A.B. asks: 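Quick one: this structure, given as structure tokens, is what I'll be asking you about.
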Amino acid sequence: MAALFLCTGDKVKQIFDAVIIGGGASGLMCAVAAKRKNRSLRVAVIEKNDRVGKKLLATGNGRCNLTNQNISAKRYTGSFAKKSRAVFERIDAEKLLGYFKELGLLACMDSSGRYYPLSKQASSVLDVLRFACERLGVIIFCGENIKSVKRNRNGFYVNTPDTEFECKKLVIACGSKASPKLGGNASAADYLKNLGHSFIPFSPALCPVKTDSTLLKSLKGIRANGKTSLVRKGKVIKSEDGEIQFTDSAISGICVFNLSLYAQNGDKITIDLLPDISEKELLSILYANKRRFSNLTADNLLTGIVQKRLAQAVIKYSGTADFSKPCSKLNEAEIKRTAHALKEFCFNVKELGGFEQAQCAKGGVPAAEIDEKTMQSKKCRNLYICGEAVDICGECGGFNLHFAFASGIIAGESL
Ligand SMILES: Cc1cc2nc3c(=O)[nH]c(=O)nc-3n(C[C@H](O)[C@H](O)[C@H](O)COP(=O)(O)OP(=O)(O)OC[C@H]3O[C@@H](n4cnc5c(N)ncnc54)[C@H](O)[C@@H]3O)c2cc1C
């Protein structure tokens, strides 16, 4: 059923049963779920960008890693992580994929348990959501600049320069500050605080980690595989295997992104550049290289093991400053330190990369203020919150989109 149009003064008034602020992953899914549950509900999505789902199109390098075989509350941080168990019990990966299949999307899994659309195009995911909205009669407003969100006894009022949207139920699905170029901002915090919520400020997550290491300049542009570990006061907090990318001020890559979720200033990130070779084994390889490359300069000790520039940085890090001496002149302590440096190449965490480089943000509405069975606010009746506006953030691998979609479905079915 179409929305009701009334005119009051200069402004158009549009009346809906439910208005969803944000036409991203959680908002579009919420709209679809609401209409699938109750076709007669008049549902609108209000989107700031000139089109919906801009961020969705950029996910998974344009391929959209939409969920993961191993969805579990353990892969998330934030106050809502514990409560997310209830969300995932109701909507696990299989359920979500089934839901998407009913919308027309087929998916496939890679060897790490990450699901992508079979087409390997994020646009397929957005298209099935857009087409479902169209089919089901969701009204989408794009390019809207919301000036205020208010509430009185009769309902909610969302005001843009030209229109007043009135609704009984309101969903905040406008995401976080991550990736401002794709629409990220903190408006969820403003709206929700006005409606009586507390809000844990957004901070960047799943982003490069800046370090103060002087070695980075020489490592810029290098990619290497290894095992990264986040270390706090000598204790390993989390480890991740994968490709590490070096920039002139930070270390990056999916494995580093995942550590960034838990990293604090003062932590260290250590890289084991040869996780499949023990330090003892490595020592005998380096002693052999000392003989093999005896007449060559010291930086050749790691020839055939790691890339040249990385070898030079590791040897420098190990404390051997003079590369001009021949390998034959390296003493036992220097060989041992080099072997150790390959196993524990260490960087201090200075700060996390900014929102521009972040895939997600920590922060949002604290768990205590949301009912996980409906995603309804406990502070404000008929208000619902989903996606990144909730204080939860998952690891890379489809976990964040899974939460966005699952919380969107739950909110939508509860409207
Ligand atoms: C580059 C990149 C790659 C990523 N890849 C993956 C991946 O492969 N897998 C994965 O699980 N996660 C990935 N993520 C994270 C994932 O995209 C987000 O967690 C997810 O989109 C959050 O959904 P959401 O609905 O909360 O927010 P969004 O999808 O960001 O949607 C929010 C929408 O609200 C709109 N909006 C904002 N403010 C307003 C306002 N005031 N008024 C109206 N509309 C507003 C925005 O324009 C946007 O369209 C990636 C993120 C980035 C940046």
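All residue numbers in this chain count up from 1 along the given sequence. Here the structure is a predicted model, which means the values were calculated and not measured. First listed ligand is number 1; within each ligand, the first listed atom is number 1.
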A.B. asks: Go through the structure and list residues passing ring-ring contact (aromatic ring centres under 6.0 Å, His included) with Phe345, not counting sequence neighbours.
C.D. replies: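 Phe345: ring-ring contact (aromatic ring centres under 6.0 Å, His included) contacts with Tyr317, Phe347.
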
A.B. asks: Looking at every non-hydrogen atom in both residues, tell me the closest pair between Cys207 and Ser260 and how far apart they are.
C.D. replies: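 Taking Cys207 first and Ser260 second, the nearest heavy atoms are N-OG, 3.2 Å.
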
A.B. asks: Using heavy-atom distances only, which candidate in Ala389, Gly394, Ser26 approaches atom 25 (O) of ligand 1 most closely?
C.D. replies: Ser26

A.B. asks: Where does Phe399 meet ligand 1, judged by heavy-atom distances below 4.0 Å: at the side chain, the backbone, both, or neither?
C.D. replies: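 Looking at Phe399 and ligand 1, just backbone atoms fall under 4.0 Å.
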
A.B. asks: Please classify the Ser187 to ligand 1 contact at 4.0 Å (heavy-atom distances, strictly less than): side chain, backbone, both or neither.
C.D. replies: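 Looking at Ser187 and ligand 1, just side chain atoms fall under 4.0 Å.
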
A.B. asks: Does anything in residues 123-135 form a salt bridge (charged side-chain N to carboxylate O under 4.0 Å, His left out)? List the pairs, not counting sequence neighbours.
C.D. replies: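 Qualifying pairs: Asp127-Arg130.
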
A.B. asks: What residue and atom, counting heavy atoms only, is the protein's closest point to atom 27 (O) of ligand 1, and at what distance?
C.D. replies: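 Result for atom 27 (O) of ligand 1: Gly175 CA, 3.5 Å.
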
A.B. asks: Determine, considering heavy atoms only, which of Cys393, Gly62, Gly60, Cys386 sits nearest to atom 8 (O) of ligand 1.
C.D. replies: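 It is Gly60 that holds the nearest heavy atom.
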
A.B. asks: A cation-pi test, strictly: NZ or CZ of Arg36 under 6.0 Å from the centre of the six-membered ring of Tyr99 and no more than 45 degrees from its axis. Yes or no?
C.D. replies: yes

A.B. asks: Side chain, backbone, both or neither: which applies to Glu388 and ligand 1 if a contact is any heavy-atom pair less than 4.0 Å apart?
C.D. replies: both

A.B. asks: Going by the atom numbers of ligand 1, which of them fall below 4.0 Å from some non-hydrogen atom of Thr59?
C.D. replies: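 This gives 3 (C), 4 (C), 5 (N), 6 (C), 7 (C), 8 (O), 13 (C), 14 (N), 17 (O), 50 (C) as the contact atoms.
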
A.B. asks: Taking 4.0 Å as the limit for heavy-atom contacts, which would you say applies to Cys360 with ligand 1: side chain only, backbone only, both, or neither?
C.D. replies: side chain

A.B. asks: Counting only nitrogen or oxygen atoms and a 3.5 angstrom limit, does Gly397 reach ligand 1?
C.D. replies: no

A.B. asks: Against heavy atoms of Ile21, which atoms of ligand 1 measure under 4.0 Å?
C.D. replies: 42 (N), 43 (C)

A.B. asks: Does the distance from a Lys or Arg side-chain N to an Asp or Glu carboxylate O, for Glu164 and Lys13, drop under 4.0 Å?
C.D. replies: yes

A.B. asks: Regarding Asn348 and Lys268, is there a side-chain donor-to-acceptor distance under 3.5 Å anywhere?
C.D. replies: yes

A.B. asks: Run the contact test for Tyr191 against ligand 1 with a 4.0 Å cut-off on heavy atoms, strictly below, and give the result.
C.D. replies: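 The answer is yes, since Tyr191 has a heavy atom less than 4.0 Å from ligand 1.
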
A.B. asks: Between Ser179 and ligand 1, which residue portion shows a heavy-atom distance shorter than 4.0 Å: side chain, backbone, both, or neither?
C.D. replies: side chain

A.B. asks: For Asn185, which part has a heavy atom under 4.0 Å from ligand 1: side chain, backbone, both, or neither?
C.D. replies: side chain

A.B. asks: Would you say Glu47's side chain and Gly23's backbone share a donor-acceptor pair under 3.5 angstrom?
C.D. replies: yes

